[in-house]
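Presented below is the structure to which this report refers.
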Amino acid sequence: MSQRPLHGAAELLRLIHNLVRLGTIAEVDHAAARVRVKAGELLTAWRPWIECRAGTTRTWNPPTVGEQVVLFSPGGDPAAAVVLTGLYRDAHPAPADRADLWRAVMPDGAVIEYDHAASHLRANLPGSAEITAPSGLVINADTTINGAVAINGDSLTHNGVNVGHDHPHSGVVPGSGQSGGPVQ
């Protein structure tokens, strides 16, 4: 008794061809964290992309339309595919060419990089930056500030001495005399 093959040769070839395919992002649904990929004549259904982390530690770096990707389809079924992003190409070349440099380049011109050969972190932002740390922020470094400085808070101290807006002075002399330093 002969057994009938489950798939014909053409169907097996199609499944094998679909296991791994190159494509480009055609659409992105940020709310659902899904993309559609164009690979040759194929336009996939909405599929998840592979992100760096997706557990209790999570990252968010969504792909962009036109980005080149790899489509991995278990069993050759694109309906079950996942999308691996991050292939450089002429339209989106590598943002650096050094082994000792980590760099992120944003579409607005922002660049964040760390040069581990020089032990130097650099952020060049065309806009603003904000750090929120309700328990405090400590900077252990000699510091230079270029530009205006505004301090909003209840107190300002230097070496434990109040130098804020309400600090008292000793030895106040009327006229052109100099007052003493802040009261300790």
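In this text, all values refer to a predicted model and were calculated from it rather than measured experimentally. Side chains included, hydrogens not; waters and symmetry mates left out as well; all remaining heavy atoms used.
In the hydrophobic clustering of this structure, Val149 groups with Leu156; members are Ile, Leu, Val, Met, Phe, Trp, Tyr whose side-chain heavy atoms approach within less than 4.5 Å, directly or through other members. With hydrophobic clusters built from ILVMFWY side chains whose heavy atoms lie under 4.5 angstrom apart, Val105 does not share a cluster with Leu125. Note on Ile145 and Val163: same hydrophobic cluster, where clusters join Ile, Leu, Val, Met, Phe, Trp and Tyr whose side-chain heavy atoms are under 4.5 Å apart, directly or indirectly. When the side chains of ILVMFWY residues are joined at heavy-atom separations under 4.5 Å, either directly or via intervening members, Met106 and Tyr88 end up in two distinct hydrophobic clusters.
For His30, the NE2 atom counts as densely surrounded, since its 6.0 Å shell holds more than 12 non-hydrogen atoms of other residues, nucleotides or ligands.
When all heavy atoms are compared, the tightest approach of Val28 to Pro63 is CG2-O, 3.5 Å. Taking both residues in full, the closest heavy atoms of Tyr114 and Ser119 are given as OH-CA, 3.3 Å, listed atom of the first, atom of the second, then distance. Between His17 and Arg21, the closest heavy-atom pair is O-CG, 3.4 Å.
Going from atom CZ of Arg103 over to atom CG of Asp97 covers 8.5 Å, rounded to the nearest 0.5 Å. Taken from OG1 in Thr44 to CD1 in Ile25, the straight-line distance is 8.0 Å, to the nearest 0.5 Å. Atom OG1 of Thr157 sits about 7.5 Å away from atom CG of Asn162, to the nearest 0.5 Å. Atoms CD and CH2, from Glu51 and Trp49 in turn, are 7.0 Å apart once rounded to the nearest 0.5 Å. In this structure, the separation between OG1 on Thr64 and CG on Asn61 is 9.0 Å, given to the nearest 0.5 Å. To the nearest 0.5 angstrom, His116 atom NE2 is 13.0 Å from Leu121 atom CG.
Side-chain atoms of Glu113 and Leu101, non-hydrogen and from C-beta on, do get closer than 4.5 Å to each other. Residues Leu42 and Pro78 form a side-chain contact, since some pair of their non-hydrogen atoms from C-beta on lies under 4.5 Å apart. The closest side-chain heavy-atom distance from Val35 to Glu27 is not below 4.5 Å. Taking the side chain as every heavy atom from C-beta outward, Leu71 and Leu22 never approach each other to under 4.5 Å. With contacts defined as side-chain heavy-atom distances shorter than 4.5 Å, the pair Leu87/Val70 qualifies. Using a 4.5 Å heavy-atom threshold, the side chains of Leu84 and Val69 count as separate.
Residues that satisfy the side chain to side chain contact (heavy atoms under 4.5 Å, CB included) test with Pro126, not counting sequence neighbours, are Asp108, Ala110. For the side chain to side chain contact (heavy atoms under 4.5 Å, CB included) test, residues two or more places apart in sequence or in another chain that qualify with Ala26 are Lys38, Leu43.
Using modelled atom types, no side-chain atom of Arg58 and backbone atom of Arg53 make a donor-acceptor pair closer than 3.5 Å.
With no hydrogens or angles considered, no side-chain donor-acceptor pair links Glu130 and Ser128 at under 3.5 Å. With hydrogens and angles left out, the side-chain atoms of Thr24 and Gln68 include no donor and acceptor closer than 3.5 Å.
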Is there a side-chain contact (heavy atoms from CB on, under 4.5 Å) between Arg122 and Val111 once you walk through the steps?
-> CA-CA 8 Å; Arg122 181 177 74 90; Val111 177; 3.7 Å; yes

Test side-chain contact (heavy atoms from CB on, under 4.5 Å) on Phe72 and Leu19 and set out the steps.
-> CA-CA 6 Å; Phe72 292 106; Leu19 283 172; over 6 Å; no

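Checked for salt-bridge contact, Asp115 and Arg98 meet the test: a charged N lies under 4.0 Å from a carboxylate O.
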